[in-house]
Structure formats: structure tokens, C-alpha cells
Amino acid sequence: MHGRIPPVEHPTANSKVDAPVIQFEHVSKRYNTEDAPALDDIDLTIDDGEFAFLVGPSGSGKSTFLRLLLREDKPSDGRIIVNDKDIAKMRRFRIPKYRRKMGSVFQDFRLLPEKSVTQNVAFALDVIGAPKSKVGPAVEEALELVGLTDLADRRPTQLSGGEQQRVAIARAFVNKPPILIADEPTGNLDPTTSLGIMRLLDRINRTGTTVIMATHDAAIVDQMRKRVVELVGGQVVRDEARGVYGYSG
Amino acid sequence: MRRLSLAFREVRHGLFRNFTMTVAVILTIAVSLTLFGTGLMVRSQVDTMKDYWYDRVEVSVFLCGAASDPVACPDGAVTDAQRQAINAQLTSMTGVVEEVFYESQQDAYARFQQQFKDSPILENVTPESLPESYRVKLVNPEDFAKVAAAVGTAPGVEQVQDQRKLLERFFKLLGGLQAVALGIAIAMLLVTVLLVVNTMRVAAYSRRRETGIMKLVGASNFYIQLPFVLEAAIAAAIGGGIAVGAIAVEKVYLIDQVLEPSFRFTAFIGWDEVIRIMVGVFLTGLVLSCAAAVLTVRRYLRV
């Protein structure tokens, strides 16, 4: 499967590696003043082209971390530097442009049931005003990458969970974002299917895309041997370059 | 352009997806704007009548005659000297009095004959039983008191009567009507705004999947919100169009064909005023609906 798919051309593929692309500096997030903070003084740097797992029990702050990164929320304290810009200070009207540089994939796929596979992927380009001449080829390329060219006219309801997640990944990647965020992308999938999704994310990562993935899936983390950041109670308790899941709770 | 055409596709989609809701919004807007317009027409009509009547009201200075009340006229009928003195007094009041004209008993009788053409009452009236009078047209119709003070107690004057007083009761009634009409109109506008707000909330909720994905992939606020606001604008335009048509019908059938022939004693509002009201009503609907949509959608679809 690996060999059949042509390599993806990527704008950042040849750029300098190891430059920090995401920096969390003393980031805290409190939703409620009485409760314990969701994130507590996080210091973390993710380099360009890195693949990082975010692990930890429910409520450890993984989702908050990703929400802040997507700028769905602002940190209570600290700075989040993405591509040399503090996104906490970013003006509201600049947020959409910022998000065009981030692909995101979720546990529940978030596809539009009344649209075909092609239309679902094209939607991401349509709504940011991409010219029609570019949408068609970009969608085709993305579907080829995820191996769904043959199912392009199906509806999401006619696809398996793994196929649906591939559509979601194609949509997230169709705009060639330098950063891909995956929140429990294998949460609804069986182990074999999950492995296929991980191979796909790995391949996307190899094109130079920074991938950050929150997961509960110990088997996958152990198998991939990538950087593992473990959060507990909103704090980073472990950060290993080639880690395992390790969390026993 | 492509973005716009895509946005319009969304609008069409949205309008038909929630067809019954759309119809409800359009009809509510139509009904409330019609009532609003009718309220404005009633107001204009009352103003027109006020202008018409106040332009014609006079202060009547009735002079003593054979049939006068002896308490007001202890010296009997008015003399030539008294008459001249009263006339001089009235005409000297520049700035208050615009015009003074004299109505003799014969003139009064002629007018009476005209007014009660077919009435048997005419047989009992002679010129001598009607008072002669000075009809005073005022610069400002509210200056009645000044005239009354100047000539009210002058010898030869039986009574000074302000026609405006008679009208004021009538206008008070019409003013109440005006207030009720406008009150209903404003309540209906409020209902419209609330309905649009609620409809937009439902629409935003039912399309949260799309809008959520739009946010994630970086669609601009404008692009996400535009279809909702356009939907509200289109509903308001259709509803406003219906309301404008209804107002035209009111003007053509109610005013021109029913009211005007039956009530010849007053003027009615003309097309210039009706068209002004139509434009005002249409724009009010459009602005209110769009504003309600923008505020709601901004709140519920915030990036």
C-alpha cells in the first residue's frame, strides 16, 4: 500500500527542520476560577515536521491543549507562538486565515452526510474561496493520498468508519496545511483500521507536515515510537522523544 | 464571484430546508409591516385632517342682534359705531389676525340655506334670527385667547367662539386611534424581530455541522454568516413586498373608493405620502430583519 501511492508535494517539505513551529510558554487555562486549571503552566516546544502524541487520562487537558492550538479558545496566561506569532493576541478577524494553516481530524469524522466524498473534501476549499480550477485537482490528489479515489462518489453513510476517517483526513489535508491536529482519530475504529489511519498520518508527517495527535490508544503509541507528551491534571509529566504510551490508569 | 454563488446556493438551500419556518417568517413580516404601514397611514391621515381643518378654522365674533341673549347684549343690537370699533380692533392685531371678513345676517342666512338645503328646519329660520359676525382667521390657530381678550367684552359683541375647540375633542379621539395603531404596529415589529431571532437560532443550530466545519477549515466569519443574513433579507424583502402591495390596496380600495366619496368634508392622504410610507415600511422590515439576523448569527456562529 505504501509503495503504490505517489509522494505528496508539500510546501514545507524542504524547509529547515527542527525549527520550533509551536511553542507553549507558561500556558495556563482556567475555565472556572474555582476549579483546578485545565492546563497548568505548560511549557512545550514542537518542531517543524515533528510527530507528537499527546497522551493522558480524560480530563488531563489534551482537548484544551488542542482547542487553544486551534484558537477556539484563548489561554488564561502565557503565550502560544505558532509560526512566530502569538495566537492569543491574534485579532479575531485573522483567526480564519490562521486556521487555514491547520488541518484537523476528530474522533467523530465530522463529515456532511448529504454530500459525496468528493464534495466533502472540496467543501474545505470552497468555503475559503479557492478558485474552481484548483479545487478539482487538489481534491483528486487528496483522495489519491488517502486511497479513496474509487469511492469518490459515495456518501459518508455508505462508507466504513475507517473510510470515513480517511475522507476527513483528505479534507484536513487538501489545503496542504503545515500542521495537522488529530484528536483521537482512531477512537471509533478497530485496531486494524486504526493502523491504516496511523500509516496515513505517518505518511503525511513524512511530507514535512507537523502532526499532533491526542490519543488513548496505547497500542498505537507503542508501535509508532514517536515523541510522547503525557499530560496529567493539566501538567506535562513526561516528554520523551521516542516514547511509549506508558500510562497505566 | 464563485464564493458568492456558493453562498447563494447555501441561501436557497436554507430557505427550502426550513420551508414552513420561512413561510412563517415571511407572513409575519408581511402582516406586521402591513399593520405598521397602516398605523403610519392613520397617523398621516390625522395630520392631513388637522392641517385641512386648522387651515379652515376661524374665530367667530358674533355680534348682538335682535335674537341675542340679553345678558350678553344689554344694549340691544349692535350699532354701526360699535361694529366699526370691533372691526378696527381686530384688523389692528397684526401678527395675530391674518384676515377679517364680515358676515352679515343675509350672508349667514345664505350659508345656512346652503348647509341645510333639504332640511325642514329651514322654514323656521329667518335672516333676523341668525347673528351677524366677524370671521377671524388667525395667523396661529392657537391664539384664540388673544382675540377673545381683545374683543370678548367689547360692547356689541355677543360671543367669541373658537371653532378649534370643537375640533379638538374630535382630534383627541383620532389621536387615541393614532396611538393605538402605532402601538399595535410597534408590537408587531417586535414580534417580527423576535421571530427572526428565533428562526436564525434554529437555522444556526440545524446547520451547526456545516458551520462547525467551515470554522475549522478557516472560512471567514463573513462567509459563514452571509447565507443566514441573506436569508433574513430575502424573507424580509418578500414580506415587505407583500406589505407594500397591501398598503397599495388600502389606498386604492379603502381610501380612494370607499372613504373619499363618503367623507367629502376632509382631505385624504395622497399617493406621495403613501409611497413615502411604503418605502419606509419596506426599509424598516429589511433593516430590522437583517439586524436581528446579524446579531443572532454573530452570537451563535462566532469563530
Flag if over 12 foreign heavy atoms under 6.0 Å of CG, A:Asn32
yes

A:Glu140 CD: over 12 foreign heavy atoms closer than 6.0 Å:
no

Let's test your reading of the structure: which of A:Arg171, A:Lys97, A:Met102 forms the most heavy-atom pairs below 4.5 Å with chain B?
A:Arg171

So which residue, A:Phe93, A:Phe106, A:Tyr98, ends up with the most heavy-atom pairs under 4.5 Å with chain B?
A:Phe106

Closest heavy-atom pair and its distance - B:Arg209, A:Leu111
NH1-O, 2.7 Å

B:Val217 versus A:Arg99: any side-chain heavy-atom pair under 4.5 Å?
no

Could you give the distance from CE (B:Met214) to CZ (A:Phe123), rounded to the nearest 0.5 Å?
4.0 Å

Exceeds 12 heavy-atom contacts within 6.0 angstrom, atom OH of A:Tyr31:
yes

Check: B:Leu216 and A:Arg110 side chains under 4.5 Å, non-hydrogen atoms
yes

